[in-house]
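What follows is a short report on a single structure.
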2 protein chains.
Amino acid sequence: MAAHKAQTTLSALKQAESRCNTRGTRLTEKRRQVLTGLLDSKKALSAYELTDYCRDHLGYQLPAMSVYRILEFLEGESLVHRLDLAKKYVACSHILCDHEHDLPQFLICKECYRVQEISIKRNLMQSLNRSVEEADFKLASQQLEFDCVCSDCYE
Amino acid sequence: MAAHKAQTTLSALKQAESRCNTRGTRLTEKRRQVLTGLLDSKKALSAYELTDYCRDHLGYQLPAMSVYRILEFLEGESLVHRLDLAKKYVACSHILCDHEHDLPQFLICKECYRVQEISIKRNLMQSLNRSVEEADFKLASQQLEFDCVCSDCYE
DNA sequence: ATCAAAAATGATACAACGTATCATTTAAGT
DNA sequence: ACTTAAATGATACGTTGTATCATTTTTGAT
C-alpha cells in the first residue's frame with residue numbers, strides 16, 4: 001500500500017515534469033520535493049507544514065518564503081490548488097489524467113483537512129450562477145470550496 | 001440620505017437591545033458601538049478595522065482583543081455574521097425583521113468587501129447537499145459564503 | 001569552457017488576523 | 001456597602017502571508 005502510493009506519486013511526478021517541459025518551465029528539485037510532499041499527504045498542508053515536511057523527510061529546512069514561491073509556481077502549472085478557506089494547499093487530483101475536466105469543487109474537512117475534489121453537476125452550477133447574478137454579483141471563480149466535515153470526523 | 005441611514009441604524013440598535021434583553025444578555029455601550037460601526041458600514045469590516053472605527057469616530061481606541069470578544073458576543077446573539085472567507089464581519093441584514101429566515105448565504109466582493117446576503121432556493125441547496133453527501137462529506141454549515149465580484153467592481 | 005543575463009532560492013523584516021492569559025474595571029444582587 | 005460575576009484592558013505570542021534585497025544556480029551566447 002505504501003508501495004502503491006509511491007507508485008502513484010512517481011507517475012504523477014513524471015507527468016508533472018513532462019507538463020512543465022512542454023510548457024517551457026522547469027520542475028526543479030525543490031519544486032519536485034514540495035509537490036511530492038503534497039502528493040504523499042492525504043490532507044491539505046499549509047506552507048509552513050511543508051517546511052516541516054522538508055525538515056522531517058529531506059533533512060533540510062526549506063524557507064517558508066521559498067515554499068510560498070514554489071506553491072505559486074505549481075499552482076500556475078495547475079499541479080496544486082490553493083484552498084482559500086483552509087489556507088492550505090493540495091496536489092491536483094487530476095495530474096495523472098490527460099483529458100479536460102470540469103472545474104473542480106473542493107470539499108474540505110474542517111477537522112482533519114482531508115480534501116475531496118468533486119465536480120458539481122453543470123445544471124446545479126448554472127442555477128447557482130443565476131442566483132448570484134440576480135443579486136448583481138458574479139462568482140469570482142467556478143472553483144468553489146465548501147467547509148465540510150468528512151465521514152471520519154463526524155460521529 | 002445620511003439621515004435615513006442613521007434612522008435605520010437606530011431602529012436596528014433598538015431591536016438589538018430588546019433582543020438582548022429578552023435573552024437576558026446585555027448590549028453594553030462598547031457592544032453597541034461595535035454594532036453601530038458594522039451597521040453604518042456598507043462593507044464587511046475586520047476586527048482591526050473596527051478598532052480604527054472607534055479611534056476615528058469615537059475618540060478612543062478599543063483594543064483588538066475586546067473587539068474580538070464583542071464580535072463573538074454579537075455573533076452569538078445573531079446580530080452579526082463572521083465571514084470566514086474574508087476574515088471580516090457584517091451586521092446581520094435581518095436584525096429589523098421579526099419573522100424567521102432561511103439560512104443566509106453571503107456573496108462577498110473580493111475587491112471592495114461589499115456583502116450581499118441572499119437566500120438560495122431550497123431545491124438548489126438540496127441538490128448541493130446531495131452532491132456533497134455522495135462524496136461522503138457533509139456541509140459544516142448551510143450558511144455558505146461565495147467569493148464574488150460585485151457590479152461596482154467588474155468593468 | 002567562459003561569462004553575462006536570467007531564473008531560482010535564501011535571509012530578514014514585517015504586516016494582518018487571531019488566541020491565551022492574567023489583571024483590572026464595571027455592573028448585579030444580596 | 002460588599003461580594004461575586006461579567007466585561008474590558010494589557011501583554012505576549014502563534015500562524016499565515018508579503019516585501020525586499022542578497023545570493024546561488026542555470027541558461028545561452030560567444
Side-chain angles (χ1 to χ4, degrees), chain A residues 16-17 20-21 23-38 43-55 58-77 79-90 108 110 113 145 147, chain B residues 16-17 20-21 23-38 43-55 58-77 79-90 108 110 113 145 147:
Chain A
E17 178 131 41
C20 286
N21 284 342
R23 286 173 49 93
T25 58
R26 284 181 299 159
L27 188 66
T28 64
E29 185 60 15
K30 320 231 163 179
R31 286 168 176 172
R32 180 200 316 277
Q33 285 168 348
V34 168
L35 180 55
T36 303
L38 289 177
K43 60 194 197 89
L45 297 178
S46 73
Y48 283 85
E49 286 169 336
L50 280 163
T51 71
D52 294 344
Y53 170 85
C54 287
R55 173 169 41 67
L58 272 28
Y60 74 101
Q61 178 103 8
L62 189 57
M65 184 74 260
S66 296
V67 173
Y68 277 107
R69 274 188 295 231
I70 286 170
L71 288 169
E72 194 179 0
F73 168 83
L74 293 172
E75 201 183 8
E77 304 299 314
L79 296 170
V80 315
H81 299 290
R82 178 193 142 80
L83 305 176
D84 274 320
L85 210 49
K87 290 178 290 191
K88 290 173 188 281
Y89 303 81
V90 287
I108 307 167
K110 63 187 297 191
Y113 293 106
E145 301 172 25
D147 216 348
Chain B
E17 178 130 40
C20 286
N21 284 342
R23 285 172 48 93
T25 58
R26 285 180 300 160
L27 189 65
T28 64
E29 185 60 16
K30 319 231 161 180
R31 286 168 177 173
R32 181 200 315 278
Q33 286 168 347
V34 168
L35 181 55
T36 303
L38 288 177
K43 60 194 196 88
L45 297 178
S46 73
Y48 283 84
E49 285 168 337
L50 280 162
T51 71
D52 294 345
Y53 170 85
C54 287
R55 173 169 41 66
L58 272 28
Y60 74 101
Q61 178 102 9
L62 189 57
M65 183 75 259
S66 296
V67 174
Y68 277 108
R69 273 189 295 231
I70 286 170
L71 287 169
E72 194 179 1
F73 169 83
L74 294 172
E75 201 182 8
E77 305 298 315
L79 296 170
V80 315
H81 299 289
R82 179 194 143 80
L83 305 175
D84 274 321
L85 210 48
K87 290 178 292 191
K88 289 173 188 283
Y89 303 81
V90 287
I108 307 167
K110 63 186 297 192
Y113 293 106
E145 301 171 25
D147 215 349

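Order of the sequence lines sets the chain letters (A, B, ...), proteins ahead of strands, with each chain counted from 1.
Listed by first then second residue, pairs satisfying side chain to side chain donor-acceptor pair (under 3.5 Å) with a partner in residues 58-68 of chain B read Gln33(B)-Tyr60(B), Arg55(B)-Gln61(B), not counting sequence neighbours. Sorted pairs that involve residues 65-75 of chain A and meet salt bridge (charged side-chain N to carboxylate O under 4.0 Å, His left out), not counting sequence neighbours, are lacking altogether.
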Discussion item. I'd like to compare against my own output: the B/S/- annotation of nucleotides 24-30 of chain C with a strict under-4.0 Å heavy-atom distance to protein.
Written reply: ---SS--

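Checked against side-chain hydrogen bond (donor to acceptor under 3.5 Å, both in side chains), Asp84(A) has the following partners two or more places apart in sequence or in another chain: Arg82(A). Lys30(B) pairs by the side-chain hydrogen bond (donor to acceptor under 3.5 Å, both in side chains) definition with nothing, not counting sequence neighbours. Under the rule for a side-chain contact (heavy atoms from CB on, under 4.5 Å), the partners of Thr36(B) that lie at least two apart in sequence or sit in another chain are Thr9(B), Leu13(B), Arg32(B), Asp40(B), Tyr53(B). Every salt bridge (Lys or Arg N to Asp or Glu O under 4.0 Å) that Glu49(A) has, sequence neighbours left out, goes to Lys88(A). Checked against salt bridge (Lys or Arg N to Asp or Glu O under 4.0 Å), Arg23(B) has the following partners two or more places apart in sequence or in another chain: Glu77(B).
Here the shortest heavy-atom pairing between Cys20(A) and Phe73(A) reads SG-CZ, 4.1 Å. When all heavy atoms of Val67(A) and Ala47(A) are compared, the pair lying nearest together is CG1-O, 3.5 Å. Taking both residues in full, the closest heavy atoms of Tyr113(A) and Ile108(A) are given as CD2-CG2, 4.3 Å, listed atom of the first, atom of the second, then distance.
The environment of Lys43(B) atom NZ is dense: over 12 non-hydrogen atoms of other residues, nucleotides or ligands sit within 6.0 angstrom.
Residues from residues 82-89 of chain A that place a heavy atom under 4.0 Å from any atom of DNA chain C: there are none. Taking a 4.0 Å limit (strictly below) on heavy-atom distances, residues 59-72 of chain A reaches DNA chain C at Leu62(A), Pro63(A), Met65(A), Ser66(A), Arg69(A), Ile70(A).
Along DNA chain D, read 5' to 3', the first and last nucleotides having any atom under 4.0 Å from a heavy atom of chain A are dT16(D) to dT27(D).
In this structure, Ile70(B) and Leu50(B) have side chains that are not in contact, with every pair of non-hydrogen atoms separated by 4.5 Å or more.
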